[in-house]
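Scroll down for the structure; my scribbles are underneath it.
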Amino acid sequence: MKIFYDHQIFCNQNYGGPSRYFVSLVEKLKDKNLDIKISAPLHINEYLKNLDKKIIFGKKLFFSKYISNTYSLKNKISLFNSKINKLYLNHFKPDVVHFTYYDHIISNNSKIKKVVTIYDLIHEKYYKDYGFEENYLPKKKIIDIADKIICISENTKKDLIEIYKVNEKRIFVTHLSSNEIKNKSLKKLFNFPYILFVGSRWKYKNFYNLLKMLSEKKLLLKNFKIVLFGGGNLNKYELSLIQNFKLDVKDFYCLNGNDETLNSCYKYASAFIYPSLYEGFGLPILEAFSNNCPVVCSDNKVFREVAGEATEYFDPNDTESMYFMLNKVLESEDYKKIMIEKGIQQNKKFSWEKCANLTKKIYQE
């Protein structure tokens, strides 16, 4: 069976959950008697270098970090890739095309089986934050032509049925997994105790309430710094919030980097806090578990689906609740050890091998 993955996510992300998902999936699928090709003629992705070069059709562009921040240039590269991939499809003649994002390069009447993965419904649920109108349905075209739809959580499946009215029989759930930590002796990057925040700090990520909680419980910042990984430097709005909350910007450390840097941040953190109002899955929870880092997160359905009983949950709209649960973990080394052990056991429930086996079954049905 021939499986074809398109260029989309690899042209949009240097790093990131969706592109890591596809690379991790392909790493497991390539040994399961499948003929696999990722066609990303010109891409900016760092994870692809970890795959067998025979699987990849394409080259990583120079100055990829600059390209990732230039929308118009990314769009031109994507259009070029689409044209090349239409030609490459005729050459490769796949049985299945698995779209890596929400545009498509083949028609609805094509006999090729079409699969798409839906990560989340953030743009649909928080359309106002993005300046969209009500009933914004950006994934409708890809959903309409897809034969099979993969969701990365039961919660995303529920949202998909509710918002797009998709027949449940077309939807399959394959959970993600954290990646194996290859370097066990990770370098310690900071010589002070810190609380870790990972990823974007956009509105639904609830960074505002985290800052509000810190402003109300200033004793925390006398004992811990805040490390912000992967969301870029603090922008003008965030700096103004810090100033308005009468916090010291010197207590916040922004850091970007590769997986090894991220794993080090988890490993030496006093706790990882995840205050998001909504996520499609919550991969950072499993990443923290993998690095023996205790987790404190929002009480929502998808985080309970991922973390089970291995974390402390708080009301993301209640700063008192946020502080109480975070402090519960921070103030007791014995309790922290209990939470770490629970995280290790919970993490064993998820694996890329399991994800790959389920995905192969979806392809074959």
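It should be emphasised that the depicted structure is a prediction, and the values quoted were computed from it without experimental measurement.
Residue Lys218 qualifies as enclosed at atom NZ: its count of foreign heavy atoms under 6.0 Å is above 12. Within 6.0 Å of the CD atom in Gln345, the count of heavy atoms belonging to other residues, nucleotides or ligands exceeds 12. Counting heavy-atom neighbours within 6.0 Å of Lys2 NZ, excluding the residue itself, gives a total above 12.
Classification of Arg201 and Glu238 as a salt-bridged pair holds, one side-chain N sitting under 4.0 Å from a carboxylate O. With salt bridges taken as basic N to acidic carboxylate O contacts below 4.0 Å, none links Lys141 and Asp103. Ion pairing between Lys337 and Glu333 fails under the 4.0 Å rule for side-chain N and carboxylate O. Ion pairing between Glu331 and Lys336 fails under the 4.0 Å rule for side-chain N and carboxylate O. Between Lys139 and Glu124, at least one side-chain N (NZ, or NE/NH1/NH2) sits under 4.0 Å from a carboxylate O, which counts as a salt bridge. Electrostatic pairing of Arg170 and Asp147 does not count as a salt bridge here, judged by no charged N lying under 4.0 Å from a carboxylate O.
By the salt bridge (Lys or Arg N to Asp or Glu O under 4.0 Å) test, Glu154 pairs with no residue at all, sequence neighbours left out. Residues passing the ring-ring contact (aromatic ring centres under 6.0 Å, His included) test with Tyr15, sequence neighbours excluded: Tyr47. Remark: Glu133 pairs with no residue by the salt bridge (Lys or Arg N to Asp or Glu O under 4.0 Å) rule, at least two apart or across chains. For Phe92, the ring-ring contact (aromatic ring centres under 6.0 Å, His included) criterion is met by no residue, not counting sequence neighbours. With sequence neighbours excluded, no residue forms a ring-ring contact (aromatic ring centres under 6.0 Å, His included) with Phe252.
Put simply, the side chain of Lys113 gets close to the backbone of Glu365: a donor and an acceptor are under 3.5 Å apart. The backbone N or O of Tyr313 sits nowhere less than 3.5 Å from a side-chain atom of Asp299 that would complete a donor-acceptor pair. Panel note: side chain Lys37, backbone Lys54; a donor-acceptor pair is recorded below 3.5 Å. Between the side chain of Ser19 and the backbone N or O of Gln13, no donor-acceptor pair lies under 3.5 Å.
Under 3.5 Å, the side chains of Asn357 and Lys32 contain a donor-acceptor pair of N or O atoms. Between the side chains of Ser276 and Glu279, at least one donor N or O lies within less than 3.5 Å of an accepting N or O. A side-chain donor-acceptor contact under 3.5 Å links Tyr21 and Thr117. Residues Ser82 and Asn85 have side chains that never bring a donor and an acceptor to within less than 3.5 angstrom of each other. Side chains of Asn263 and Asn291: a donor on one and an acceptor on the other come within 3.5 Å. Between the side chains of Ser298 and Asn206, not a single donor N or O lies within less than 3.5 Å of an accepting N or O. Using a 3.5 Å distance cut-off with no hydrogens or angles, the side chains of Tyr102 and Gln8 do not pair a donor with an acceptor. Side-chain N/O atoms of Thr156 and Ser153 include a donor and acceptor closer than 3.5 Å. If you check the side chains of Asn209 and Thr319, you find no donor sitting under 3.5 Å from an acceptor.
Rounding to the nearest 0.5 Å places CG of Asn317 at 10.5 Å from NZ of Lys212.
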Please output the side-chain donor-acceptor pairs of residues 188-200 that fall under 3.5 Å, not counting sequence neighbours, one pair per line with the distance.
from: Tyr194; atom 1: OH; to: Cys265; atom 2: O; distance (Å): 2.6
from: Tyr194; atom 1: OH; to: Ala269; atom 2: N; distance (Å): 3.4
from: Ser200; atom 1: OG; to: Trp202; atom 2: N; distance (Å): 3.0

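Taking each heavy atom of Gly282 and Val306 in turn, the nearest pair found is O-CG1, 4.1 Å.
Cation-pi check for Lys217 over Tyr323 is met; the charged atom lies under 6.0 angstrom from the ring centroid and within 45 degrees of its normal.
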Next on the checklist: One pair to check against ring-ring contact (aromatic ring centres under 6.0 Å, His included): Tyr266 and Phe272. What are the steps and the verdict?
Outcome noted: CA-CA 7 Å; Tyr266 282 122; Phe272 165 58; 5.6 Å; yes
Next on the checklist: Using the rule given for salt bridge (Lys or Arg N to Asp or Glu O under 4.0 Å), can you reason through Lys267 versus Glu287, listing the C-alpha separation, both sets of side-chain angles and the distance that settles it, and then say yes or no?
Outcome noted: CA-CA 10 Å; Lys267 181 176 181 180; Glu287 292 172 341; over 6 Å; no
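Just one residue in the list Asp259, Asn50, Asn45, Asn179 forms a side chain to side chain donor-acceptor pair (under 3.5 Å) with Arg20, and that residue is Asp259.
A 4.5 Å side-chain heavy-atom check between Phe224 and Asp251 finds every atom pair outside the cut-off.
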